[in-house]
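Right, one structure below, let's go through it.
A quick note: this is a predicted structure, and the numbers were derived from the prediction, not measured. Both backbone and side-chain heavy atoms feed into the values below; hydrogens, waters and symmetry mates do not.
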Amino acid sequence: MTNPIRRLCKDLNLPSGDAHTQDWAYELPNEYRTQEWLDQYISAYSAIKCFDMRRDILMDLMLDIVNNYLLEGLDSDIYIIQQVLELLRANKIEHQDTIAYWSVVGEDDPEAYFEVTPFVREIAK
């Protein structure tokens, strides 16, 4: 596990996983994916200076949570989802790799998209 992840876990009191954890942001248990936790991630993200690896990790985590919310049928217009997308929009230069991943660059088949892909593609324009 990387030092930025360890620091986020310590600062936010999150589980750090174990020796087999490879993609911490995607493996974080559901109990840490609620709207209350998402609000804490938004606050933590906003408190960290630009171009800090912790921001990349938090953005991946937040987009994964938003993607799951959209899969569950939550309305994309709810405030907390819009907050995450606005953070990505405001910091899109910093998160170019994240945008490329979630927008599924080069893929034209909507069946291969994430639920959040159309929103990320709009931000990428």
Side-chain angles (χ1 to χ4, degrees):
M1 176 174 306
T2 66
N3 285 334
I5 293 173
R6 281 192 193 104
R7 187 163 174 199
L8 280 173
C9 291
K10 182 177 182 253
D11 292 349
L12 297 172
N13 201 24
L14 297 168
S16 58
D18 59 26
H20 303 290
T21 301
Q22 294 180 356
D23 294 317
W24 177 84
Y26 306 113
E27 295 178 22
L28 194 64
N30 285 338
E31 65 190 272
Y32 299 99
R33 295 172 166 277
T34 65
Q35 290 187 31
E36 292 79 17
W37 276 101
L38 184 54
D39 192 48
Q40 288 185 49
Y41 304 145
I42 290 168
S43 295
Y45 177 94
S46 299
I48 300 169
K49 294 182 183 193
C50 290
F51 299 101
D52 183 313
M53 281 296 299
R54 292 174 297 160
R55 282 172 56 105
D56 288 329
I57 295 163
L58 283 169
M59 183 56 73
D60 275 333
L61 174 59
M62 292 186 295
L63 286 171
D64 191 51
I65 293 169
V66 166
N67 190 68
N68 288 342
Y69 287 172
L70 295 172
L71 278 168
E72 294 169 2
L74 262 66
D75 188 338
S76 64
D77 289 332
I78 67 169
Y79 181 69
I80 201 148
I81 290 175
Q82 289 302 311
Q83 276 186 290
V84 172
L85 295 174
E86 187 52 43
L87 282 174
L88 182 61
R89 183 177 290 107
N91 298 286
K92 69 183 191 177
I93 292 172
E94 179 180 356
H95 296 297
Q96 289 177 355
D97 291 340
T98 300
I99 289 171
Y101 174 78
W102 287 100
S103 64
V104 194
V105 172
E107 181 60 64
D108 295 327
D109 180 6
E111 292 293 317
Y113 295 176
F114 298 105
E115 291 297 311
V116 76
T117 295
F119 303 100
V120 177
R121 284 186 171 191
E122 186 63 32
I123 290 167
K125 290 183 182 176

Exercise. Do you know which two heavy atoms are closest between Pro15 and Pro29, and how far apart they sit?
Worked result: CG-CD, 4.1 Å
Exercise. Minimum heavy-atom separation for Ile123 to Leu85, with atom names?
Worked result: CD1-O, 3.4 Å
Exercise. Closest approach of Glu27 and Arg33, non-hydrogen atoms and distance?
Worked result: N-NH2, 4.2 Å
Problem set entry | Other residues, nucleotides, ligands: >12 heavy atoms within 6.0 Å of Asn13 CG | no
Exercise. Shortest non-hydrogen contact from Lys92 to Lys125?
Worked result: NZ-O, 3.0 Å
Exercise. Heavy-atom count around Tyr79 OH within 6.0 Å, excluding the residue itself: above 12?
Worked result: no
Exercise. For Leu71, what residues pass the side-chain contact (heavy atoms from CB on, under 4.5 Å) criterion, not counting sequence neighbours?
Worked result: Asn67, Asn68, Glu115
Seminar exercise, completed: Shortest non-hydrogen pair, Ser76 vs Ile81, comes out as O-CG2, 3.6 Å
Problem set entry | Side chains of Gln35 and Leu74 in contact at under 4.5 Å (non-hydrogen atoms) | yes
For this session: For atom CG of Asp97, decide whether the heavy atoms of other residues, nucleotides or ligands shown that lie under 6.0 angstrom number more than 12.
Result: no
Exercise. Counting distance only, does the side-chain N/O of Arg54 pair as donor-acceptor with the main-chain N or O of Leu8 below 3.5 Å?
Worked result: no
Problem set entry | Residue pair Asp60, Asp23: steps toward the side-chain contact (heavy atoms from CB on, under 4.5 Å) verdict | CA-CA 10 Å; Asp60 275 333; Asp23 294 317; over 6 Å; no
Exercise. Side chains of Val120 and Thr98: does their closest heavy-atom pair fall under 4.5 Å?
Worked result: no
Problem set entry | Cluster check Ile78, Leu87: I/L/V/M/F/W/Y, side chain < 4.5 angstrom | yes
Seminar exercise, completed: CE (Met62) and CD1 (Ile57) are apart, to the nearest 0.5 Å, by 11.5 Å
Exercise. Are the side chain of Arg121 and the backbone N or O of Val104 linked by a donor-acceptor pair below 3.5 Å?
Worked result: yes
Exercise. Is the closest side-chain heavy-atom distance between Tyr41 and Ile65 below 4.5 Å?
Worked result: yes
Problem set entry | Pairwise distance CG(Asn91) to CD(Glu86) - rounded to 0.5 angstrom | 9.0 Å
Exercise. Can you tell if the side chain of Leu12 reaches within under 4.5 Å of the side chain of Leu58, non-hydrogen atoms only?
Worked result: yes
For this session: Nearest 0.5 Å please: distance from the CD1 atom of Ile48 over to the CE atom of Met53.
Result: 11.5 Å
Exercise. Any side-chain heavy-atom pair from Asp64 and Leu28 closer than 4.5 angstrom?
Worked result: no
For this session: On the 0 to 90° scale, with breaks at 30° and 60°, tag the Tyr26-Tyr101 ring pair as parallel, tilted or perpendicular.
Result: tilted
For this session: Kindly compute the distance separating OH (Tyr45) from CG (Leu61), expressed to the nearest 0.5 Å.
Result: 12.5 Å
Exercise. For the residue pair Tyr69 and Thr34, what are the closest heavy atoms and their distance?
Worked result: OH-C, 2.9 Å
Exercise. Out of curiosity, Arg6 CZ to Trp24 CH2, how far, rounded to the nearest 0.5 Å?
Worked result: 12.5 Å
For this session: Please tell me if the side chains of Leu70 and Phe114 come closer than 4.5 Å, counting only heavy atoms from C-beta onward.
Result: no
Exercise. Where the side chain of Thr117 meets the backbone of Ser103, is there a donor-acceptor pair that is under 3.5 Å apart?
Worked result: no
Problem set entry | Residues that Asp39 engages under salt bridge (charged side-chain N to carboxylate O under 4.0 Å, His left out), provided they are two or more places apart | none
